[in-house]
Amino acid sequence: MTATDPVLSFRAVPGPGFAAGCTVSTWVRAGGLAPPIAYVLIGHAPPRRPGETAETVAAGLMGMVDAMRLRPAAERVPIVGPRLLLRGPLVALDYGHPRFLMRLPGVGANWRRHVTAGGHACVTVGLDPIPPGAGPDAVEQYLERVVATNRAYMGATTLQAR
């Protein structure tokens, strides 16, 4: 390494305790002439555990962003490689931790069919708090806000081969 080489820095990938506290929503959007796309939205509730602050939550989410090589939502969505696993009824996301996966709760039949058939899923990490149980309208408003304020990161993924 020389003095002119760029220095790369990555934030730490959070462990399973942080990942378990994330808010995750999944859905499929199809319409118009565009092909259907499956979505995974990862956010976090407002800080609620001892020692958790808005800054530590954002750092944990940015650790996931770095590990999955997501880019700001305003940019072209990159292909980030196969990160989804389906094992029977379970669906998990490789969020970059060397030993743990994030289980995706409640994927619907259309989402599962789309991904199983080789379709892409758009993984989005939003940095603003989102409460658990937010309905479709609240999720849509949340996405509009975090994309408009450059607080969302995206990448396209597919199933991992067995």
Side-chain angles (χ1 to χ4, degrees), residues 8 10-45 57-144 146-147 150-162:
L8 298 177
F10 295 94
R11 288 161 275 247
V13 180
F18 180 87
C22 287
T23 301
V24 180
S25 297
T26 60
W27 68 96
V28 175
R29 177 168 291 157
L33 300 175
I37 297 177
Y39 287 87
V40 177
L41 171 62
I42 301 169
H44 207 284
V57 168
L61 292 169
M62 288 305 294
M64 291 179 169
V65 166
D66 289 348
M68 291 190 284
R69 300 183 326 273
L70 305 181
R71 302 294 306 148
E75 296 179 10
R76 182 180 171 97
V77 176
I79 303 293
V80 296
R83 294 191 164 275
L84 296 170
L85 290 94
L86 268 73
R87 299 289 188 268
L90 301 178
V91 181
L93 172 70
D94 174 358
Y95 70 95
H97 194 281
R99 294 189 328 207
F100 299 104
L101 302 171
M102 174 185 277
R103 184 172 175 192
L104 303 183
V107 302
N110 288 341
W111 193 97
R112 183 181 288 275
R113 251 190 315 277
H114 173 78
V115 170
T116 302
H120 283 94
C122 180
V123 176
T124 304
V125 173
L127 300 183
D128 291 350
I130 184 168
D137 291 339
V139 167
E140 186 71 30
Q141 291 171 355
Y142 175 84
L143 280 171
E144 288 175 8
V146 294
V147 168
N150 295 317
R151 294 189 48 81
Y153 295 81
M154 296 180 161
T157 189
T158 56
L159 277 180
Q160 290 184 358
R162 287 193 145 190

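For this chain, numbers begin at 1 and follow the sequence in order.
To the nearest 0.5 Å, atoms CG (L41) and CG (L143) are separated by 5.0 Å. Atoms OG1 and CE, from T157 and M154 in turn, are 14.0 Å apart once rounded to the nearest 0.5 Å.
Between S25 and V139, the closest heavy-atom pair is OG-CG2, 4.0 Å. Taking every heavy atom of both residues into account, V80 and G155 meet most closely at CG1-CA, 4.0 Å. Here the closest non-hydrogen pair linking V77 and A156 is CG1-N, 3.7 Å. Closest approach of R76 and R71 over heavy atoms only: O-CB, 4.5 Å. Pairing each heavy atom of V13 with each of A67, the nearest pair is CG2-CB, 3.4 Å. Of all non-hydrogen atoms in P129 and A45, the two that sit nearest each other are CB-C, 4.3 Å.
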What do the steps show when you test L93 against M68 for side chain to side chain contact (heavy atoms under 4.5 Å, CB included), and what is the final call? CA-CA 10 Å; L93 172 70; M68 291 190 284; 4.1 Å; yes
Side chain to side chain contact (heavy atoms under 4.5 Å, CB included) between R69 and R83, worked out: CA-CA 11 Å; R69 300 183 326 273; R83 294 191 164 275; 3.6 Å; yes
What do the steps show when you test C22 against M64 for side chain to side chain contact (heavy atoms under 4.5 Å, CB included), and what is the final call? CA-CA 11 Å; C22 287; M64 291 179 169; 3.9 Å; yes
Working note: M62 + L127, criterion side chain to side chain contact (heavy atoms under 4.5 Å, CB included); need CA distance, chi angles, decisive distance, verdict. CA-CA 8 Å; M62 288 305 294; L127 300 183; 3.9 Å; yes
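Residues L104 and L84 meet the side-chain proximity criterion, which asks for heavy atoms closer than 4.5 Å. Contact check for T158 versus P82: side-chain heavy atoms found under the 4.5 Å cut-off.
For residues 84-106, the ring-ring contact (aromatic ring centres under 6.0 Å, His included) pairs, not counting sequence neighbours, are H97-F100. Listed by first then second residue, pairs satisfying ring-ring contact (aromatic ring centres under 6.0 Å, His included) with a partner in residues 110-131 number zero, not counting sequence neighbours. Applying the side-chain hydrogen bond (donor to acceptor under 3.5 Å, both in side chains) rule to pairs touching residues 123-135 yields D128-R151, sequence neighbours excluded.
The closest donor-acceptor contact from the side chain of Y142 to the backbone of G43 lies at 3.5 Å or more, if one exists at all. A distance-only check finds a donor-acceptor pair linking the side chain of R112 to the backbone of P89 [under 3.5 Å].
When each of V65, V123, I130, T23 is tested with I42 by the rule side-chain contact (heavy atoms from CB on, under 4.5 Å), just one qualifies, namely V123.
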